[in-house]
Amino acid sequence: MVRRIDVSGVDGVRLAAWEFTDPPKADGGREEARGPGVLLLHGLLGRAAHWAETARWLSTRHRAVALDQRGHGRSEKPAEGPFDRSTYVDDAEAAVEQLGLAPVTLIGHAMGALTAWQLAARRPDLVRALVICDMRASALGAASQREWADWFRSWPVPFATLADVRKWFGEDDPTLERPNPPRGDFFAEVMAERSDGWRPVFSCRQMLKVRETWAHDAHWEELAQVQCPTLVVRGLDGDLGRAEAQEMVRVLPRGQYAEVVDAGHLVHYDQPDGWRRAVEPFLASVLPV
């Protein structure tokens, strides 16, 4: 089952955390009996629900919690932020401490992976292990930011139905090289029905603002400060190239590498079995059971 737990982020922003648990035991088992804590952090445009399948298999041995980061999912979306990197890291730190997850394993996708390794660098006392999924340490640059702005403008919103959402993001999006039905499902999960049709639950203006705070900078220095065991995972057709991923592993003091075949950027979502095969042995090697 899944239960929602609200936590308080920077400036009191309400953040929705979702804990995936087995049904309560009749004897009222203690919190610590649920195993070591794992916090799952989605990427830009994502939401905690995208981790559902991962969280379910994690929850058989660990206390698995997925966080809707500010501006996303069911968490608050403050009109003017703040949306800087420090705020996202502070929010994640607050979630770990308020939920009693430390020493925590952080599993992050894309932007969430950056938040995870920045927190691990800042607070090594809180973090036991780290999984980085398809996030580059190199700067992406101004051209990349302009491409995202153009992409947002190309969305044919509002969508009449969720089927239209799935078709556009899974087949018709001109940035796609080939059809990707799981991508359509991914975006269907971040839409809400309005009076005129289906629109994203987030503000595209805010999402560009969020991305602006990290797209122009490289993050190698913080990566080198991560002291805990770290797994870098990439999809063969994802955004993180093999050469950069392997350089990230070299820079990390205790880095390991894995890749998932037939996976794009949404590694954990479009190839969940391959993702599990890559991640589960690493967790077994670093976490107590």
Side-chain angles (χ1 to χ4, degrees), residues 40-47 50-51 54 69 71-72 85 88 106-118 130-152 154-155 168-171 173-187 189-190 200 202 204 207-220 222-223 226 230-252 255-272 274-275 278-279:
L40 299 139
L41 298 170
H42 60 75
L44 190 71
L45 314 187
R47 63 183 306 174
H50 288 141
W51 289 113
T54 297
Q69 296 174 83
H72 297 77
R85 279 284 82 218
Y88 275 88
L106 299 173
I107 301 178
H109 173 246
M111 180 194 75
L114 177 58
T115 299
W117 89 60
Q118 289 179 321
L130 173 65
V131 178
I132 295 169
C133 180
D134 214 63
M135 179 61 188
R136 298 182 60 186
S138 298
L140 302 179
S144 171
Q145 193 70 1
R146 289 193 296 271
E147 288 168 3
W148 270 70
D150 291 343
W151 180 55
F152 279 140
S154 75
W155 292 13
W168 196 83
F169 287 101
E171 299 178 25
D173 183 346
T175 65
L176 281 176
E177 293 185 1
R178 58 181 178 272
N180 185 348
R183 186 174 185 265
D185 294 336
F186 181 97
F187 279 95
E189 289 196 48
V190 294
F202 48 76
C204 291
M207 294 300 98
L208 279 176
K209 190 173 181 180
V210 171
R211 194 175 188 274
E212 184 79 29
T213 66
W214 51 263
H216 300 291
D217 300 320
H219 308 283
W220 293 98
E222 290 157 307
L223 196 70
V226 175
T230 302
L231 179 68
V232 177
V233 184
R234 63 176 290 268
L236 288 187
D237 296 320
D239 294 346
L240 176 61
R242 179 176 289 156
E244 183 170 352
Q246 291 178 342
E247 179 63 11
M248 289 169 66
V249 171
R250 189 193 68 79
V251 167
L252 284 158
Q256 299 180 40
Y257 175 74
E259 58 186 28
V260 180
V261 299
D262 299 324
H265 178 58
L266 306 175
V267 183
H268 62 295
Y269 195 87
D270 61 20
Q271 291 295 334
W275 161 254
V279 172

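Bear in mind the structure is a predicted one, so any value in this text is a computation, not a measurement.
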- Message: Is there a side-chain contact between H219 and L114 in this structure, where contact means two heavy atoms from C-beta onward sitting under 4.5 Å apart?
- Response: yes
- Item | Pi-cation contact, W214 with R211 (under 6.0 Å, within 45°) | yes
- With a 4.5 Å heavy-atom cut-off, do Y257 and M248 have their side chains touching? no
- Query: Atom NE2 in H42, atom CG in L266: separation rounded to 0.5 Å?
  - Reply: 13.5 Å
- Message: Taking E259 first and then R242, would you say they form a salt bridge - that is, a charged N and a carboxylate O separated by under 4.0 Å?
- Response: yes
- Message: Determine whether a donor-acceptor pair (N or O, by modelled atom type, separation under 3.5 Å) exists between the side chain of H109 and the backbone of H265.
- Response: yes
- Check: R47 and Q69 side chains under 4.5 Å, non-hydrogen atoms: no
- Task: Please check if the side chain of E244 supplies one atom and the backbone of S138 the other of a donor-acceptor pair under 3.5 Å.
- Result: yes
- Short question: side chain of R234, backbone of L240 - any donor-acceptor pair under 3.5 Å? yes
- In a check of ring-ring contact (aromatic ring centres under 6.0 Å, His included) between F187 and each of F169, F202, W168, which one passes? F169
- Message: I'd like to know whether H216 forms a side chain to side chain contact (heavy atoms under 4.5 Å, CB included) with L140, so could you lay out the CA-CA distance, the side-chain angles of the two residues, the decisive distance to 0.1 Å, and finally the verdict.
- Response: CA-CA 6 Å; H216 300 291; L140 302 179; over 6 Å; no
- Shortest non-hydrogen contact from A137 toward L223: CB-CD2, 4.4 Å
- Identify whether the distance between the nearest side-chain nitrogen and carboxylate oxygen of E247 and R250 falls below 4.0 Å. yes
- Checking side chain to side chain contact (heavy atoms under 4.5 Å, CB included) for the pair D270/W275: CA distance, chi angles, key distance, verdict? CA-CA 9 Å; D270 61 20; W275 161 254; over 6 Å; no
- E171: what forms a side-chain hydrogen bond (donor to acceptor under 3.5 Å, both in side chains) with it, not counting sequence neighbours? none
- Item | D237 CG to E177 CD distance, which is reported to the nearest 0.5 Å | 7.5 Å
- Message: Quick check: closest heavy atoms across G43 and A110, and the distance to 0.1 Å?
- Response: CA-CB, 4.2 Å
- CD of E212 to CE of M207, rounded to nearest 0.5 Å, is 13.5 Å
- Task: Could you tell me whether the side chain of D134 and the main chain of G238 form a donor-acceptor pair under 3.5 Å?
- Result: no
- Do I107 and W51 have side-chain heavy atoms sitting under 4.5 Å apart? yes
- Taking the side chain as C-beta and beyond, is there a heavy-atom pair between P200 and V190 under 4.5 Å? no
- Heavy-atom nearest pair, G108 first then A113, reads O-CB, 3.2 Å
- Task: Determine whether L231 and L130 make a side-chain contact, defined as any pair of heavy atoms from C-beta on separated by less than 4.5 Å.
- Result: no
- Task: Go through the structure and list residues passing ring-ring contact (aromatic ring centres under 6.0 Å, His included) with F186, not counting sequence neighbours.
- Result: H50, Y269
- Q145 side chain vs L208 backbone, donor-acceptor pair below 3.5 Å: yes
- Query: Taking side chain as C-beta onward, heavy atoms only, is L236 less than 4.5 Å from V260?
  - Reply: no
- Query: Does L106 reach the side chain of V131, with side-chain heavy atoms less than 4.5 Å apart?
  - Reply: no
- Return yes if a side-chain donor-acceptor contact under 3.5 Å exists between W117 and T230, otherwise no. no
- With distance as the sole criterion, is a donor-acceptor pair present between the side chains of D173 and W151 under 3.5 Å? yes
- Nearest heavy-atom approach of C133 to H268 is SG-ND1, 4.5 Å
- Report yes or no: does Q271 contribute a side-chain atom to a donor-acceptor pair with the main-chain N or O of D262 at less than 3.5 Å? yes
